[in-house]
Amino acid sequence: MALMLKTQAIELLGGTAKSAAAAIGVTSQAISGWPDQLTPALRDRVQAALYRQKQQRTKARKTKEAAHG
């Protein structure tokens with residue numbers, strides 16, 4: 001299992017506690033309460049949010065390509 005730090009997670013999820021909170025579906029206060037080294041459960045939530053963001057970008061790109069194709 002890979003180690004993930006709170007600062008890394010926030011950066012991956014937009015660079016601010018507010019953007020990270022929006023991606024995860026919690027408040028920015030919840031993000032501020034995270035430990036410096038994320039637990040496996042929190043790390044899984046971050047990874048799931050990153051996956052959802054990637055899926056949304058892929059869907060948007062395909063929609064744009066279809067509109068121009």
* Asked: For the atom pair CD (Gln37) and CG (Leu42), what is the distance rounded to the nearest 0.5 Å?
  -> 11.5 Å
* Carefully, step by step, assess Arg43 and Val46 under the rule side chain to side chain contact (heavy atoms under 4.5 Å, CB included). => CA-CA 5 Å; Arg43 187 185 64 236; Val46 170; 5.7 Å; no
* Distance in Å, Thr7 OG1 paired with Leu12 CG, rounded so as to fall on 0.5 Å steps -> 9.5 Å
* Asked: Would you say Val26 and Leu5 are hydrophobically clustered, going by side-chain heavy atoms of ILVMFWY under 4.5 Å?
  -> no
* Please walk me through it: do Leu13 and Gln53 pass side chain to side chain contact (heavy atoms under 4.5 Å, CB included)? -> CA-CA 9 Å; Leu13 294 170; Gln53 288 175 343; 4.2 Å; yes
* **Audit row: Lys59, Gln56, side chain to side chain contact (heavy atoms under 4.5 Å, CB included) steps and yes/no** => CA-CA 5 Å; Lys59 183 178 178 181; Gln56 290 169 350; 5.7 Å; no
* Non-neighbouring partners of Ala22 that pass side chain to side chain contact (heavy atoms under 4.5 Å, CB included), sequence neighbours left out -> none
* Structure fact -> Separation between CD (Gln55) and CZ (Arg57), nearest 0.5 Å, reads 9.5 Å
* Would you please name every residue forming a salt bridge (Lys or Arg N to Asp or Glu O under 4.0 Å) with Arg61, sequence neighbours left out? => Glu65
* What closest approach, in Å, do Ala49 and Ala23 show between heavy atoms, and which atom pair accounts for it? -> CB-O, 3.6 Å
* **Rounded distance (nearest 0.5 Å) linking atom CE of Met4 with atom CG of Asp36** => 14.0 Å
* Between Lys6 and Gly33, is there a donor-acceptor pair closer than 3.5 Å when you use the side chain of the first and the backbone of the second? -> no
